[in-house]
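One structure is given here, and the rest of the page talks about it.
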Amino acid sequence: PAEPTMVLRLKFLNDTERLARVRPGDTVGDLKRAYFPGQEQQVRLIYQGQLLRDDTQSLAALHLAHNSVLHCHISPHSSAPAPAGPRASADPAHAALDVGSLVLPLFVLMLAVLWYFQLQYRHVFTATATTFLAGLTLLFSFVAFTMYRR
């Protein structure tokens with residue numbers, strides 16, 4: 001007899017859902033290939049807070065029931081190692097600006113400008129504002145030191 005099918009709800013980060021019709025004997029890899037063709041390496045499936053890493057594991061072994069929710073995250077970059085060679089860095093689609101790397105220098109610049117204004121226009125800054133600026137600088141210095149100490 002044919003194996004019964006069940007429906008899984010694939011829920012994405014933007015709260016959209018997609019229904020997947022699968023069999024309990026299907027593997028995580030089969031599900032990725034069927035519903036995310038060409039993106040198998042970029043798709044992360046999460047069930048009950050656990051990342052489903054093993055693509056060879058069957059859905060029955062995960063104890064998935066009919067109408068279970070699998071959370072899906074599709075990363076913009078493949079988790080596979082990047083191809084070596086000059087072509088890897090020449091691809092303009094993957095050469096996007098990493099805004100996260102700009103946060104630290106922008107915050108340092110902002111603190112430097114605030115300290116400059118505090119020294120040049122001392123009469124505008126109250127004791128509370130100066131204390132807050134000093135505390136913010138100390139906090140930032142501590143966080144930056146602990147982050148980059150590793």
Side-chain angles (χ1 to χ4, degrees), residues 7-22 26-65 67-150:
V7 174
L8 298 178
R9 294 170 41 211
L10 304 177
K11 190 165 186 170
F12 298 89
L13 292 177
N14 62 1
D15 281 336
T16 59
E17 281 192 18
R18 187 172 166 191
L19 298 179
R21 193 167 296 280
V22 296
D26 290 346
T27 64
V28 173
D30 293 336
L31 176 67
K32 287 181 181 181
R33 279 187 292 281
Y35 290 91
F36 306 97
Q39 295 180 307
E40 296 92 347
Q41 296 298 317
Q42 296 165 273
V43 174
R44 301 281 174 266
L45 297 175
I46 300 163
Y47 178 63
Q48 293 183 339
Q50 297 296 318
L51 179 63
L52 306 181
R53 296 179 194 272
D54 186 5
D55 283 356
T56 62
Q57 192 171 27
S58 74
L59 301 177
L62 295 168
H63 306 292
L64 290 170
N67 224 17
S68 292
V69 175
L70 284 176
H71 294 273
C72 303
H73 173 262
I74 302 175
S75 63
H77 301 292
S78 173
S79 63
R87 189 168 172 253
S89 61
D91 186 8
H94 292 89
L97 179 64
D98 182 17
V99 179
S101 64
L102 296 176
V103 172
L104 180 68
L106 286 175
F107 200 73
V108 169
L109 180 66
M110 183 183 71
L111 278 176
V113 167
L114 284 172
W115 275 110
Y116 171 78
F117 283 130
Q118 199 282 334
L119 294 172
Q120 290 298 317
Y121 305 102
R122 194 177 303 251
H123 62 279
V124 177
F125 282 77
T126 63
T128 306
T130 303
T131 304
F132 179 75
L133 182 58
L136 189 63
T137 303
L138 284 172
L139 177 68
F140 174 74
S141 300
F142 175 75
V143 169
F145 178 72
T146 56
M147 280 178 52
Y148 291 101
R149 195 174 80 185
R150 293 185 248 157

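Because only heavy atoms are used, hydrogens play no part in the values below, and waters and symmetry mates are left out as well, while side chains stay in. Computed from a predicted structure; not experimentally measured.
- In summary, of the residues considered (T56, V43, D54, L62), a side-chain contact (heavy atoms from CB on, under 4.5 Å) with V28 occurs for L62 alone.
- Counting only distance, with no hydrogens or angles, the side chain of E17 and the backbone of K11 share no donor-acceptor pair below 3.5 Å.
- No donor-acceptor distance shorter than 3.5 angstrom exists from the side chain of Q118 to the backbone of Y116, with no hydrogens or angles considered.
- The heavy-atom pair separating K32 from L52 by the smallest distance is NZ-O, 4.5 Å.
- Taking the six-membered ring where tryptophan is involved, the planes of Y121 and F117 are tilted, since the angle between them lies from 30° to 60°.
- Between R21 and Y35 the shortest heavy-atom distance is N-OH, 2.8 Å.
- Side-chain contact check for L64 versus L70: some heavy-atom pair is nearer than 4.5 Å.
- Atom CD of residue Q57 and atom CG of residue L31 lie 12.5 Å apart, to the nearest 0.5 angstrom.
- Going from atom SG of C72 over to atom CD of Q42 covers 13.5 Å, rounded to the nearest 0.5 Å.
- More than 12 heavy-atom neighbours from other residues, nucleotides or ligands sit within 6.0 angstrom of CZ on F12.
- Closest non-hydrogen pair, V69 versus Y47, comes out as O-CD1, 3.4 Å.
- Remark: F125 CZ to W115 CH2 distance equals 9.0 Å, nearest 0.5 Å.
- Judged as a side chain to side chain contact (heavy atoms under 4.5 Å, CB included), and not counting sequence neighbours, the contacts of S58 are A60, A61.
- Summarising the geometry, atom CZ belonging to R44 is positioned 7.5 Å from atom CD belonging to Q41; distances are rounded to the nearest 0.5 Å.
- For the atom pair CG of L13 and CD1 of I74, the computed distance is 9.0 Å after rounding to the nearest 0.5 Å.
- In terms of the side chain to side chain contact (heavy atoms under 4.5 Å, CB included) criterion, residue partners of L111 (sequence neighbours excluded) are, by chain and number, F107, L133, L136, T137, F140.
- Rounding to the nearest 0.5 Å gives a distance of 15.0 Å between CZ of R18 and CZ of R9.
- No donor-acceptor pair under 3.5 Å is formed between the side chain of S68 and the backbone N or O of L8.
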